[in-house]
Amino acid sequence: MNPVLRGNWNYPTTIWAGPGRIAELAEACARAGIRRALLVTDEGLTGAPMIKNALAALPGAALFGAVRGNPALSHVEAGLLAYRTGGHDGVIAFGGGSALDVGKVVAFMSGQTRPLWDFEDIGDWWTRADPAGIAPVVAVPTTAGTGSEVGRAGVILNELTHQKKIIFHPQMMPRIVISDPELTVGLPRALTAATGMDAFVHCFEAFCAPGFHPLADGIALEGMRLVQRFLPRACADGRDIEARAQMLAAASMGATAFQKGLGGVHAIAHPVGSWFNTHHGLTNAVILPYVVVYNRIAIAAKTEVIARVLDLPARGFDGFLAWVLELRRELKIPHALADIGVSAEKAEIIGREAAVDPSAGGNPIPVDAAALERIFRAAVSGRLEAVGGAA
Ligand SMILES: [Zn+2]
């Protein structure tokens, strides 16, 4: 018998968690002040019963389903066109990370006059936005990984420069999140594993990022513990509602924690995703141990804390690294980027772009293009020993 898996939470935003709560979607829209919603979802979900049911429950709502993985400016522009021609007054961002990000950015851009790239997450660029022009969002995640449902940013690919840009505004945070584990039961095992590992990496990188943020640290530790306990269960049996509910919570916790910062894993994964169109969570899962090894001298004490919280059989840095490798094996995550179609031919560019990715600033050891290129090359070839370590 499952414990009670239902709750109404109010941080970092209003979250209605529990099986079956998608039935409250119309009420969520009403509370958020949305009467004519544009429902933004992933291309692969447009025909899904959960989307049909949502539209049936919302008179006045229309569907925008032209969102693919690693979404680009063209997806946002098409969504904006649909939003404006349909006379909508808010967005339901419904799906995986790509749909959530595009939905949030469409709502953000709906009342802006400046171009999208003016709102990249640099300094105080977000203050350029007109807050009155930001439409409300109700977010409905269908994967447990990105945590974008509780994030204040969207990651959008600039097709011209091949760079992923983070578009940020504090008001991009969805008004209400419906966190219903029943919506994630159909997610295939491999995607469950990849997205779940993204949640883990969010917690791990946030915990190891330098800076004073005990709130984020606490959330990150518990998030890692939930992934350890429940991701293998969710992969073994996709209909395990408790595991699905706990993983949705862990995903939201990861994104809450990474307000503190991310690190080298995401810094490398972003350009890899841009150039090779690989799945974000899977890319992170493959790269993780290589960055862990590189950061060894800076994270020894922190990995000891993690090893204790997770009650790992072997403690300290080595115990943690061994466990990460074992978890990846158990989840059938490939060991090398070459196994997911990534080659070393763009290594120099990847290193350069990773160095200017905003995530790089959160790495526990300062990293430059040369170091990131070396880590990337090691990850492509699957040779952990080729990482070396920070000098
Ligand atoms: Zn991520």
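Order of listing sets the numbers, starting from 1, for every ligand and every atom in it.
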Audit row: Arg21, Glu182, salt bridge (charged side-chain N to carboxylate O under 4.0 Å, His left out) steps and yes/no:
CA-CA 9 Å; Arg21 301 212 58 182; Glu182 290 178 358; over 6 Å; no
Taking Arg296 first and then Asp318, would you say they form a salt bridge - that is, a charged N and a carboxylate O separated by under 4.0 Å?
yes
Taking the six-membered ring for Trp, are the ring centroids of Phe204 and Trp323 within less than 6.0 Å of each other?
no
Restricting to N, O or S, what is the name of the atom of His280 that lies nearest the Zn ion (ligand 1)?
NE2
His266: which N/O/S atom is nearest the Zn ion (ligand 1)?
NE2
Check all N, O or S atoms of Asp198 and name the one closest to the Zn ion (ligand 1).
OD1
Arg68 atom CZ: more than 12 heavy-atom contacts under 6.0 Å:
no
